[in-house]
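A quick write-up on the structure given underneath.
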Amino acid sequence: MKKINEIEKIRHSLSHLLAIAVLEIFPNAKLGIGPIIENGFYYDFDLSAVAESEGGLTPDQLPKIEKRMRELVKMGLLFQKEIIDFAKAKKTFKNKPYKLELIKEINKNKQKITVYKTFAKYQIPNTKYQIQFTYLCAGPHIKSTKEINPAAFKLTKVAGAYWRGDEKNKMLTRIYGIAFNSEKELKEHIEMLEEVEKRDHRKLGKELDLFTFSDEVGAGLPLWLPKGETIRHELEKWARETEKKWGYQHIATPHITKSKLYEISGHLPYYKDDLYSPINIEGEEYYLKPMNCPHTHMIYNARLRSYRELPLRLAEYGQVYRFEKSGTLHGLMRVRGFCQNDAHIYVQPEKAVEEFINVIKMHEYYYKTLGIQNWRVVLGTRDRKNLRKKYHGNDAMWDMAEKLSKEALEKSSIKYEIEEGGAAHYGPKADIYIQSVIGKEYAIGTDQLDLYMPQRFNLSYIDKNGKETMPYIIHRAPLGSHERMIGFLIEHYAGAFPIWLSPIQVRIVPISEKFNKYGIEILEKLKQFDIRAELDDNNETLGKKIREGEKQKTPYLLILGGREEENKTVGVRQRGKGDMGEMKMVEFLEKIKNEINNKDLPKENNKKL
RNA sequence: GCCGGAGUAGCUCAGUCGGUAGAGCAGUGCUUUCGUAAAGCAAAGGUCGGGAGUUCAAUUCUCCCCUCCGGCUCCA
């Protein structure tokens with residue numbers, strides 16, 4: 001069992017004070033649970049018995065509750081542990097339905113029932129009351145609320161949460177709080193959250209004109225603006241080049257398919273809820289594709305395959321559509337229409353491990369180039385204790401798939417964790433999580449070794465001995481989707497992209513309109529060298545133009561005035577670094593071309609906060 | 001999908017306890033012609049997210065819908 005440290009005890013105890021404060025306002029509220037979480041705590045309340053006239057719980061009541069909690073802290077409430085038997089517990093919590101449910105479960109599991117009494121040692125001044133509450137709680141707690149720094153915690157939000165995390169259960173009202181040892185730490189944490197907010201890809205996407213959404217087009221369907229499309233294009237170009245070098249071939253498949261394809265794959269009817277409703281044409285149902293695999297399998301099956309072609313690596317930047325629940329949509333990170341960096345590798349069983357290792361190596365290369373230092377792999381396996389109908393295929397197939405996946409991960413000497421029950425319905429999957437410099441983590445792609453779909457699609461190849469054999473399939477998407485990857489990179493770089501990905505690489509800034517002509521000359525030169533440049537010929541002061549250029553996070557501003565025109569030079573100003581002085585145009589071109597070709601990472605914004 | 005909050009000019013936001021709205025920035029025009037993060041002036045810009053209802057009158061009140069935000073659940 002994980003050791004509970006002091007601050008966690010404090011956080012946990014604060015959750016109890018939160019419960020006391022809420023019960024004072026709403027005596028009819030029923031308590032759910034109140035555990036600690038990263039940086040803080042929460043408590044769940046069922047407010048359904050609270051009279052309408054009391055108005056329910058709204059976020060604007062948080063300061064009031066927080067104030068009461070501080071008063072409770074200062075009273076020096078004590079926590080006292082007690083172990084009680086089932087009968088007594090049932091009696092104590094007879095009007096507390098959620099606690100009663102937990103007690104029955106604890107009893108069933110033959111565990112000890114512990115309660116904590118929170119009480120004031122003395123009469124509360126100016127009242128005739130003495131506070132005393134008894135909670136069902138595993139603990140541990142601090143001894144007295146005197147240990148809590150009243151200035152180092154804060155209630156942060158009100159949210160709905162299902163009882164025991166199951167959407168079939170009733171929804172309770174959850175209050176979240178954060179708590180630290182000192183006011184300074186609390187302040188730092190809040191500042192960190194503000195920095196996270198500044199880097200939010202939705203905010204930067206608007207400021208930098210990268211993408212937008214439209215009510216008329218629909219939720220979760222991003223529209224890429226010219227600058228965002230440039231990033232997309234550059235990323236894709238690089239991925240395609242890389243794939244070519246690594247022996248991949250590219251294919252293209254339609255966005256729709258007859259339902260027959262998903263009957264074969266087994267996705268219908270199990271995943272129908274996640275598909276856009278079918279289009280009915282001439283009595284035939286067509287679906288928008290939610291994944292590219294079945295289409296690719298059709299390409300594999302287009303003719304007889306020989307072992308000489310294998311591993312056959314078919315890659316596609318494939319657009320897919322999934323009808324994600326409305327409440328789950330989030331900027332570019334969770335959308336309904338997106339373009340996957342997909343590929344399916346058809347491989348001889350004996351070469352599957354080697355091929356899987358190559359795929360992992362490709363991940364390493366990609367993340368290194370993008371400056372993503374922290375990433376991890378989680379291998380989702382079948383939950384052996386809970387083999388419901390969720391999984392296709394037989395035990396032998398699963399054992400083999402899991403064994404080979406583990407073998408490949410171990411041979412790549414990559415750190416990975418195993419998550420039992422995390423498998424796809426047709427096989428184990430290695431999910432890749434990447435972490436940005438500010439610590440936000442996203443699932444970016446999955447690599448899967450699939451022994452099941454070859455059966456369903458009746459895939460085969462003729463082996464060395466002229467015998468028909470079934471290949472294995474590796475599904476892989478190291479860059480995930482354009483949408484999620486670019487959303488991630490916006491936050492990772494805080495909008496200051498490496499120059500090779502920057503929508504505008506150079507902005508030409510004449511110091512007055514007199515030098516616009518020289519600006520055009522420089523612009524033409526840059527365009528000849530395939531550099532994405534623009535001319536700021538606005539009638540504005542130099543200071544204003546520089547401000548604009550910096551705000552747009554353009555890697556280089558070229559300042560042009562009389563000096564430069566006369567010397568045939570450019571005044572170089574580098575993003576985040578300021579004035580670098582005059583340079584000959586050839587010198588600048590060489591410098592920038594190098595940085596682009598080397599895919600240099602930005603140095604100025606790549607710091608952890 | 002569920003719980004809660006929100007939607008006013010391109011952006012950020014103010015305002016109307018029911019009498020059809022305002023600022024800053026951006027954009028446009030003019031003046032200025034500038035040396036490394038915000039020059040000045042002027043005009044313009046809105047079915048107050050959409051629909052229905054109540055009312056003499058709705059951006060404001062009620063209901064439904066859409067979208068966004070924070071969570072929960074989900075994520076082949």
Side-chain angles (χ1 to χ4, degrees), chain A residues 42 44-48 56-60 156-176 197 200 202-203 206-207 209 212-220 262 265-268 270-275 290-291 293-294 320 322-331 333-336 380 390-392 422-427 429 431 443 446 448 450 452-453 475 484 509-516 538-552 557-564 571-574 576-582:
Chain A
Y42 67 77
D44 285 344
F45 305 93
D46 178 355
L47 300 173
S48 56
L57 183 69
T58 52
D60 51 305
T156 50
K157 52 201 166 201
V158 176
Y162 299 106
W163 166 240
R164 315 201 77 182
D166 188 335
E167 67 176 326
K168 289 186 196 78
N169 287 338
K170 196 166 183 173
M171 183 157 271
L172 309 178
T173 304
R174 176 173 295 177
I175 298 179
Y176 284 93
E197 206 175 310
D200 191 311
R202 293 166 298 184
K203 189 171 142 63
K206 202 178 269 177
E207 288 170 8
D209 277 323
T212 189
F213 289 92
S214 145
D215 286 3
E216 286 73 19
V217 173
Y262 298 142
S265 70
H267 286 99
L268 281 176
Y270 304 109
Y271 294 96
K272 209 170 172 171
D273 286 350
D274 298 297
L275 304 181
M291 79 288 285
C293 335
V320 298
R322 298 179 188 178
F323 196 76
E324 304 289 357
K325 286 181 188 170
S326 57
T328 64
L329 302 174
H330 180 88
M333 304 319 280
R334 190 77 186 273
V335 288
R336 285 180 173 161
K390 211 178 150 188
Y391 306 106
H392 294 294
H425 59 109
Y426 51 82
K429 57 170 187 172
D431 282 329
T446 68
Q448 297 162 17
D450 180 0
Y452 179 69
M453 287 299 160
H475 305 243
R484 194 172 279 187
V509 182
I511 66 168
S512 82
E513 286 181 331
K514 280 195 290 194
F515 306 102
N516 280 353
N538 284 313
N539 179 10
E540 287 294 348
T541 56
L542 178 62
K544 177 67 170 292
K545 288 186 182 187
I546 285 173
R547 186 179 153 82
E548 257 329 288
E550 290 283 350
K551 267 171 68 183
Q552 285 297 308
L557 302 183
L558 296 184
I559 316 295
L560 307 180
R563 253 189 343 248
E564 286 79 10
V572 179
R573 187 188 161 101
Q574 195 173 348
K577 284 190 182 157
D579 194 354
M580 312 275 286
E582 262 180 274

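Each chain gets a letter, A, B and so on, in the order its sequence line appears, and its residues count up from 1.
Dashed line: the shortest gap from a side-chain N or O of R202(A) to OP1 or OP2 of U67(B) is not under 4.0 Å. Contact check, S326(A) against G1(B): a side-chain N or O comes under 4.0 Å of OP1 or OP2. Between G4(B) and K157(A), no contact under 4.0 Å exists linking OP1 or OP2 to a side-chain N or O. Residue T541(A) has no polar side-chain atom (N or O) positioned under 4.0 Å from OP1 or OP2 of C34(B).
Across U54(B) and U60(B), the matching C1' atoms stand 14 Å from one another, rounded to whole Å. For the C1' atoms, the distance from G45(B) to G24(B) is 14 Å, rounded to whole Å. Going from the C1' atom of A38(B) to that of C25(B) covers 10 Å, rounded to whole Å. Nucleotides A26(B) and U33(B), compared at atom C1', are 22 Å apart to the nearest Å. Comparing U20(B) with G53(B), their P atoms sit 22 Å apart, to the nearest whole Å. For A37(B) and G1(B), the P atoms lie 49 Å apart once the distance is rounded to whole Å. Comparing G22(B) with C34(B), their C1' atoms sit 33 Å apart, to the nearest whole Å. Spacing of P atoms, A58(B) relative to G51(B), comes out at 13 Å, to the nearest Å.
Closest contact between the side chain of E513(A) and the listed nucleotides U32(B), G1(B), A38(B) involves U32(B). Of the candidate nucleotides C34(B), C75(B), G35(B), C75(B) has the atom lying nearest to any side-chain atom of R322(A). Closest approach to the H425(A) side chain among C74(B), G35(B), A76(B) is made by A76(B) (side chain taken as heavy atoms from C-beta onward). Checking A37(B), A76(B), U67(B) against every side-chain atom of A219(A), the shortest atom distance belongs to U67(B). Closest to the side chain of A159(A), from the set C72(B), G70(B), A26(B), is G70(B). Checking A39(B), A76(B), A37(B) against the side-chain heavy atoms of K544(A) singles out A39(B) as nearest. You'll find that the side chain of K551(A) is closest to A37(B), out of A76(B), A37(B), U36(B).
With RNA chain B read from its 5' end, the first of the two nearest nucleotides for Q448(A) and E548(A) is the one closest to E548(A). Residues K325(A) and F213(A) each lie close to RNA chain B; by heavy-atom proximity, the contact nearer the 5' end of the strand is made by K325(A).
G549(A) comes within 4.0 angstrom of no nucleic acid atom, judged by non-hydrogen atoms across all strands. At the heavy-atom level, G327(A) lies under 4.0 Å from base atoms of the strands shown. Among the protein residues, K545(A) comes within range of no part of the nucleic acid, since none of its heavy atoms lies under 4.0 Å from any strand. Among the protein residues, R573(A) comes within range of the nucleic acid bases, having at least one heavy atom under 4.0 Å from a base atom. Residue-level contact check: D274(A) touches the bases, meaning some heavy atom is under 4.0 Å from a base atom. Residue contacts shown for K206(A) are limited to sugar-phosphate atoms, with no base heavy atom under 4.0 Å away. If you check every strand for non-hydrogen atoms under 4.0 Å, A161(A) touches sugar and phosphate atoms only. At the heavy-atom level, T173(A) lies nowhere under 4.0 Å from the strands shown. As judged by a 4.0 angstrom heavy-atom cut-off over every strand, F515(A) is placed among residues making no nucleic acid contact.
The interatomic distance linking Y42(A) (OH) with G70(B) (P) rounds to 19 Å, in whole Å. Rounded to whole Å, atom P of C75(B) lies 18 Å from atom CE of M333(A). Summarising the geometry, the separation between CZ on F323(A) and P on C74(B) is reported as 19 Å, rounded to the nearest angstrom. In this structure, CZ of R547(A) is placed 10 Å from C1' of C25(B), rounded to the nearest angstrom. In this structure, CG of D215(A) is placed 14 Å from C1' of A6(B), rounded to the nearest angstrom. Atom C1' of nucleotide U73(B) and atom NZ of K168(A) are separated by 10 Å, given to the nearest angstrom. The interatomic distance linking L172(A) (CG) with U73(B) (C1') rounds to 13 Å, in whole Å. A straight line from CG of N169(A) to P of C2(B) spans 16 Å, rounded to a whole angstrom.
Looking at Q552(A), its side chain does come within 3.5 Å of a backbone N or O of E207(A) through a donor-acceptor pair. Proximity of a side-chain donor or acceptor of K203(A) to a complementary backbone N or O of E197(A) within less than 3.5 Å is not detected. Using modelled atom types, no side-chain atom of R174(A) and backbone atom of D44(A) make a donor-acceptor pair closer than 3.5 Å. Using modelled atom types, one side-chain atom of K545(A) and one backbone atom of P510(A) make a donor-acceptor pair closer than 3.5 Å. Between the side chain of R484(A) and the main chain of A443(A), a donor-acceptor pair closer than 3.5 Å is present.
A salt bridge is defined here as a Lys NZ or Arg NE, NH1 or NH2 lying under 4.0 Å from an Asp or Glu carboxylate O, and E540(A) with R547(A) fails to meet this definition. Ionic pairing of R202(A) and D200(A) is present here: one or more N-O contacts between side-chain nitrogen and carboxylate oxygen are shorter than 4.0 angstrom.
Checking G4(B) for Watson-Crick or G-U wobble geometry (two distances, each under 3.5 Å) identifies C69(B) as its partner. Here G10(B) sits opposite C25(B) as a Watson-Crick or G-U wobble pair (both hydrogen-bonding atom distances under 3.5 Å). Applying the Watson-Crick and G-U wobble criteria (two distances, each under 3.5 Å), C30(B) pairs with G40(B).
For C34(B), the base has a donor-acceptor partner in the side chain of N539(A) [N/O atoms by modelled type, under 3.5 angstrom]. In the interface, the side chain of E564(A) is paired with the base of G35(B) through a donor and an acceptor atom under 3.5 Å apart. For R334(A) against C75(B), a side-chain-to-base donor-acceptor contact under 3.5 Å is present. Side-chain to base pairing of Y162(A) with G71(B): no donor and acceptor N or O lie closer than 3.5 Å to each other.
Remark: ring of Y271(A) overlaps the six-membered base ring of A76(B) in a stacked fashion, centroids less than 5.5 Å apart, planes less than 30° apart.
Contact between A159(A) and Y176(A) at its shortest, heavy atoms only, is CB-CE1, 4.1 Å.
Between Y426(A) and H267(A), the ring planes lie perpendicular to each other; the angle is over 60°, past the 30° to 60° tilted range.
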